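Structure first, commentary second.
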Amino acid sequence: MPELPEVEVTRRSIDLPLRGARVQAVHLGKPLRWPLGCPPGSLVGQYLGAVLRRGKYLWLPLHERASAGLTGSTQGLLLHLGMSGALELRTPTVPPGGDLALARHEHFRLDTDRGSLRLLDPRRFGAVVWSPGLAAEPAAGLLAGLGLEPDDPALTEARFHAELQRRRAPIKTVLLQGEVIVGAGNIYACEALFQAGIDPRCSAARIGPVRARRLLHALRHTLAQAVELGGTTLRDFHDARGVHGAYQEQVAVYGRAGLPCVRCGTRLRRLQQAQRTTVYCPRCQRR
DNA sequence: AGTTAAACCTGGTTGC
DNA sequence: TGCAACCAGGTTTAAC
């Protein structure tokens with residue numbers, strides 16, 4: 001479920017409700033991708049600050065005092081939803097001593113005075129990692145190598161094109177790697193390439209300035225629209241309050257292999273790229 | 001160095 | 001109905 005739009009929608013659903021909340025207890029379920037990296041009890045008494053997003057990661061800063069200022073220099077939790085993760089914010093908070101048992105697939109829970117935040121993740125590809133700072137290890141290492149945010153003004157058309165010029169891999173693969181621009185996973189990479197009319201097999205280096213411009217615009221438009229619509233709910237994605245997304249109703253190619261192209265009617269094709277399924281229109285998308 | 005495969009997990013769907 | 005095979009929104013790690 002979680003590409004950039006789903007992570008951003010999740011961020012927005014927990015940021016204000018939890019800002020300033022005091023941690024009362026931390027519960028761990030089965031192991032996630034990495035260990036938490038600190039004794040769970042050491043977080044008790046800390047206060048949550050504004051929740052940030054970087055790529056598909058969420059950063060939950062933790063302050064010693066209730067009203068702290070900036071967020072980057074404090075300790076906190078770096079959270080990733082992996083392939084099947086979702087957060088749920090439950091109010092009221094699970095009472096101390098009561099209902100300690102974690103639900104099925106609940107592998108992390110932060111009880112605060114403003115509600116219980118829990119991570120549900122059946123496949124456990126997700127992660128919750130404590131870090132002494134966003135720029136300190138291990139957070140810095142996990143975020144190192146990430147490309148620019150889609151809405152970063154520094155990501156100009158010229159720079160985007162120049163970065164593509166340096167990579168010979170298929171454009172779909174380059175988008176998934178997230179070293180040029182973050183946020184597009186399998187769904188939105190397929191959708192943006194369709195919107196831009198670019199064949200997913202086309203080498204990134206062979207994309208000219210005009211098509212690079214179209215692709216950047218398509219990525220920004222696709223991701224922004226998905227955020228507005230609450231993300232894509234294929235099976236069970238929802239924000240932390242349980243609200244489902246609606247972008248699946250806008251999908252033009254993802255999951256539609258064999259069906260007619262919405263633009264020209266040609267049968268959409270499926271292929272494998274870097275172990276992931278790509279769907280595209282052989283007529284609308286050119287090399 | 002740069003690209004591709006295997007690995008991490010569970011659950012739903014498909015097909016015999 | 002049972003069961004094996006295959007598929008899935010991501011990323012790291014190991015192997016060519």
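Below, chains carry the letters A, B, ... as their sequence lines are ordered, and counting in each starts from 1. Everything numeric here is computed off the predicted structure, so don't read it as measured data.
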- Connected-component partners of A:V180 among ILVMFWY, side-chain separation under 4.5 Å: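 Its cluster mates, by chain and number, are A:L148, A:L155, A:F160, A:L164, A:I171, A:V174, A:L175, A:I181, A:L193, A:I198, A:I207, A:L215, A:L216, A:L219.
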
- Message: Suppose clustering is done on Ile, Leu, Val, Met, Phe, Trp and Tyr with side-chain heavy atoms closer than 4.5 Å. Which residues sit in the same group as A:L271?
- Response: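 A:L271 shares its hydrophobic cluster with A:Y280.
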
- Task: Establish, with yes or no, whether the OP1 or OP2 oxygen of C:dC7 is under 4.0 angstrom from a side-chain nitrogen or oxygen of A:T277.
- Result: no

- Phosphate OP1/OP2 of C:dG9 contacted by A:Y254 side-chain N/O (<4.0 Å): yes

- Measure from CZ on A:R53 to P on C:dG10 and round the result to the nearest Å. 14 Å

- Message: Without decimals, in angstroms, what is the distance between A:L119 CG and C:dG9 C1'?
- Response: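 Rounding to the nearest Å, CG of A:L119 and C1' of C:dG9 are 15 Å apart.
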
- Footprint ends on DNA chain B, 5' to 3', for atoms under 4.0 angstrom from a heavy atom of chain A, come out as B:dT3 to B:dG12

- Please name all residues satisfying side-chain hydrogen bond (donor to acceptor under 3.5 Å, both in side chains) with A:E8, sequence neighbours left out, ordered by chain then number.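 A:E8: side-chain hydrogen bond (donor to acceptor under 3.5 Å, both in side chains) contacts with A:R11, A:R12, A:R53.
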
- Partners passing side-chain hydrogen bond (donor to acceptor under 3.5 Å, both in side chains) against A:E179 (at least two apart in sequence or in another chain):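 A:E179 satisfies side-chain hydrogen bond (donor to acceptor under 3.5 Å, both in side chains) with A:R167 only.
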
- Query: Any sub-3.5 Å donor-acceptor pair from A:T10's side-chain atoms to A:E6's backbone N or O?
  - Reply: yes

Name every donor-acceptor pair, under 3.5 Å, that has one atom in a side chain of residues 34-41 of chain A and the other anywhere in the protein, sequence neighbours excluded.
none

- Taking only residues at least two apart or on different chains, which pairs with a member in residues 260-269 of chain A satisfy salt bridge (Lys or Arg N to Asp or Glu O under 4.0 Å)?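 Every candidate salt bridge (Lys or Arg N to Asp or Glu O under 4.0 Å) pair involving residues 260-269 of chain A fails, so no pair, neighbours aside, qualifies.
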
- Taking atom P in both C:dC7 and B:dA5, what distance in whole Å separates the two?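 Each nucleotide's P atom is 15 Å from the other's.
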
- Item | B:dG11 and C:dT12, which share atom name C1', separated by this distance in whole Å | 23 Å

- Item | Contact letters for nucleotides 11-16 of chain C, in which S counts primed atoms plus P, OP1 and OP2 and B counts the base, heavy atoms under 4.0 Å | BS----

- Only counting residues at least two apart or in another chain, list the ones meeting salt bridge (Lys or Arg N to Asp or Glu O under 4.0 Å) with A:R201.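 Residues passing salt bridge (Lys or Arg N to Asp or Glu O under 4.0 Å) with A:R201: A:D199.
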
- Query: Would you say the ring centroid of A:Y47 lies under 6.0 angstrom from that of A:H63?
  - Reply: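 No, they do not, as the ring centres are separated by 6.0 Å or more.
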
- Qualifying side chain to side chain donor-acceptor pair (under 3.5 Å) pairs with a residue from residues 206-221 of chain A, counting only residues at least two apart or across chains: A:E157-A:R213

- Query: Has the side chain of A:R123 got a donor or acceptor atom sitting under 3.5 Å from an opposite partner on the base of C:dA8?
  - Reply: yes

- Any chance you could encode DNA chain C as dot-bracket? Rule is Watson-Crick or G-U wobble with both distances under 3.5 Å; [ ] for pairs crossing earlier ones, | for another strand. .|||||||.|||||||

Can I get a per-line list of side-chain donor-acceptor pairs under 3.5 Å for residues 244-254 of chain A, giving both atom names and the distance, sequence neighbours left out?
residue	atom	partner	partner atom	Å
A:Q248	OE1	A:T233	N	2.8
A:Q248	NE2	A:G245	O	3.0

